[in-house]
Every structure is written in structure tokens, then in C-alpha cells.
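Below, chain A is the first sequence line, B the second, and so on; all start at residue 1.
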Protein chains: 2
Amino acid sequence: MDSKIEKEIVIKRLKDKGYLLTSQREYILNLIIKNDNHLTIKDICHLVEDPTIGQSTVYRAIKLFLSLDILRKINFGDNDYYELSLENKHNHHHLICSECGKIIEVGFDYLEDLEKKIYEDYGFIVKNHTLRFCGICKECEMKRSADAKTYEK
Amino acid sequence: MDSKIEKEIVIKRLKDKGYLLTSQREYILNLIIKNDNHLTIKDICHLVEDPTIGQSTVYRAIKLFLSLDILRKINFGDNDYYELSLENKHNHHHLICSECGKIIEVGFDYLEDLEKKIYEDYGFIVKNHTLRFCGICKECEMKRSADAKTYEK
DNA sequence: CATTATATGAGAATAGTTATCAATTAATAA
DNA sequence: TTATTAATTGATAACTATTCTCATATAATG
């Protein structure tokens, strides 16, 4: 696992409920971390084909991690992705480029005011939120305007 | 369909691409509208069991509506729901009560500032967004505090 | 070291989705 | 109206995704 601290948190969360951090489970977590936290189950099944981990084990591990809040599921369009749910990562957003598919994480939150207003208007107490933006990333936009210039000639 | 205007928009979008508004397609759309815009495919398959519409037709219709931007898919937790994508409904948010599962639509947007900041910091041009809040709705919270009082006695 | 609990992999079973094709329905032209 | 063509449907088969089963393996505990 990336850092020793994270690994210890994972072991603790598992142990508290009587589970173990097996080599397969650790391998799967590392895969997700190494791939920017944005893998689908299909991706994982393919990536573990070599050091063969059975796909039932993949499904079981993901489910377990979700239930212990070690992973969190995020949904972009047609696919479910999994990302580490440790630390205080609860308040970040995702930018998805519709041109190249890149996923960018936004570090700031800025929804406190909105949550306050929701409580005032609807009496709804917000515990958690997910926000994703679709659009065009910087690089794709630059490519686009470069192409546009070419046509002008 | 609810209003004549909506039906005409749907017919136009279909016709422009050479498709027809069949009774089955209209029935499915009406189901979604009548159920507060929040049905899963499974729900729809069950609801159409009586005036039998084959389930391949359900899948095909949903797919078609998505491709023509007549429906839009939203994802809450484990399920995909479908809602009408007509009018300027693009900027509303969803509140999901984790106690009773109710889905409430929030009429206001308030993300312009955030989108501006994202452009400034990341050069990312936002075209669209989805935001959902999980928490406790007014009614469930009231029930909760009522229960809490009972225990105090 | 023996015993018990937990986890694994292979494949069977189930659920969810898509593709195929003959029959039906709607649109268009004569 | 009738003939012709295009689009749609429903039943079922095919395929994909996910879960279950069970014998075996591994780790923890006494």
C-alpha cells in the first residue's frame, strides 16, 4: 500500500470486524491507488489476470471494502468506479472531460452555503454529497482552438 | 403525456431522426412522469407487466430516449433512475433521505460561482453537472426526535 | 502442533442486458 | 383504397455481469 499509515487504517478496519488483510485484498487496493483511484470492476478483473486472483475474490473484496468504508463507489455516466474512502476525502468533486474522458479531482468544496440553504428551505439535514461536473478540460480546449485556427487558413 | 407541449417536443425529437412515438413508448414515458421521474428499469418492467410490453421494448425505448435526450439517467447509490430531460431542468439537485429513501428535487442551482472558480483554477469549462445530497429529511428527523423524547421518560 | 475461523478459486447458478428474427404496425406512394 | 416500404414489437436465444457453493488453502489461536 502506498503509505504505511493507510495500510494500518485498512488493517484496523478489517480486524475490528474479524477480517484479514490478505495478499489478494492488498493487491486489489494497491491497484486502485496506483490507477488514480478510478477503476471499474472490469478493469480490476483484467488487471489481476496475471497474478491470478479469481473474479469472485475481486467482487467479494470490493463489496467488503465498501461495507467497511475503505472504498467508496462513484458513478460516472455508465460506469461505477471505486476510490479510497480513507482520510477526509469526503469533500472533493470530480471534473469529467467529455472529450478525452479524463477525471480530475477538485480539492475544494464550497457547498456549505448551499447546504445551509437546503436546510432552511427544505428542513433536510445533509450528511454527504457527490458532485460531478462534465465539460471540456484545458488540454482538449487548447487542441480545439488550435484546430479551429487551422481551418481559418 | 402530461401536457400537450411535452408530447409535441417528444414527437419532434423522435421524428427528426426517423423514429415514431408508438403507444408503448408513450406509455413508458407516462409511467416515468406519473412516478415523480424516479423509476428504475426494473420498476418499469414490473409496471408494464399488465398491458404487456415486452422487456426488450422497455430496454430499447429507454436507450432511445437517452440518446435523444428525452430522458436522462441519474444514479443514486445502487440504482439508475430515469427522469425527463425536457425543459430547462438541467440545473436542479436531488436530496435523498437515507432513512426513508425519498427523493426531493431542489429547485435552485447556486453553482455558478463554483463553476467560475473551477475555470479559473483548472481551466475546465463546465457544460453540465449533477449534484446529490444524502441526509435526513424533515419528516424522518421529526420522527427521530419524537422517539428520542420517548426514551427520555 | 491441533483446532478453529477465515479466505480463496473454480465453476455452477442467477440476474441483467442485448441481439435475432418473424410477425405487426405505421407511413408513403400509386 | 391498396401495395410497398420502413420502423417497431415480442418471444426467445445469446451474452455479460454478479452471486453462490463447496472443497481446499491459509492464517490465527490455544
Would you indicate what A:K63 reaches in the nucleic acid, counting non-hydrogen atoms under 4.0 angstrom: base, sugar-phosphate, or nothing? sugar-phosphate
Output the rounded distance in Å from CG (B:N79) to P (D:dA17). 18 Å
Taking the nucleotide of DNA chain D with the nearest heavy atom to each, does B:V58 or B:G18 sit closer to the 5' end? B:G18
Identify whether the distance between the nearest side-chain nitrogen and carboxylate oxygen of A:K73 and A:E83 falls below 4.0 Å. no
Over how many whole Å does the gap from A:Y19 atom OH to C:dT6 atom P extend? 9 Å
Relative to the ring of B:H93, is the ring of B:F133 parallel (under 30°), tilted (30 to 60°) or perpendicular (over 60°)? perpendicular
A:D69 side chain to A:S85 side chain, donor-acceptor N/O pair below 3.5 angstrom: yes
Tell me: CD1 of B:I62 to P of C:dT17, nearest whole Å? 11 Å
Roughly how many Å is it from CG in B:L14 to P in C:dA27, rounded to a whole number? 12 Å
In this structure, how many angstroms lie between the P atom of D:dT8 and the CD1 atom of B:I28, rounded? 13 Å
For the pair made of CG in A:L20 and C1' in D:dT26, what is the distance, rounded to whole Å? 9 Å
Between C:dT17, D:dA11, D:dA28, which nucleotide has the shortest distance from any of its atoms to the side chain of B:I41? C:dT17
OP1 or OP2 of D:dG10 versus the side-chain N and O atoms of B:T57: is any pair under 4.0 Å? yes
Nearest to the side chain of B:R60, heavy atoms from C-beta on, is which of D:dT9, C:dA7, C:dT8? D:dT9
Please tell me if A:T22 has a side-chain N or O lying less than 4.0 Å from either OP1 or OP2 of C:dT8. yes
Close aromatic pair by centroid cut-off 6.0 Å: A:H94 and A:H38: yes
Quick note, B:R25 side chain, CB onward, closest among C:dT6, C:dA10, D:dT9 is D:dT9
Rounded to whole Å, the CG-P distance (A:D16 to D:dA28) equals 15 Å
Less than 4.0 angstrom between a side-chain N/O of A:Q24 and OP1 or OP2 of C:dG9, yes or no? yes
Considering only C:dA10, C:dA27, D:dT18, which nucleotide approaches the side chain of A:Q55 most closely? D:dT18
Within the structure, does a side-chain N or O atom of B:Y59 lie under 4.0 Å from either OP1 or OP2 of C:dT17? yes
Would you kindly give the CG-to-P distance between B:L21 and D:dT9, to the nearest whole Å? 10 Å
Categorize A:S56 for me: base, sugar-phosphate, or nothing, with a 4.0 angstrom heavy-atom threshold over every strand shown. base
Does this structure show an ion pair linking B:D113 with B:K117, if we count only N-O contacts that are shorter than 4.0 Å? no
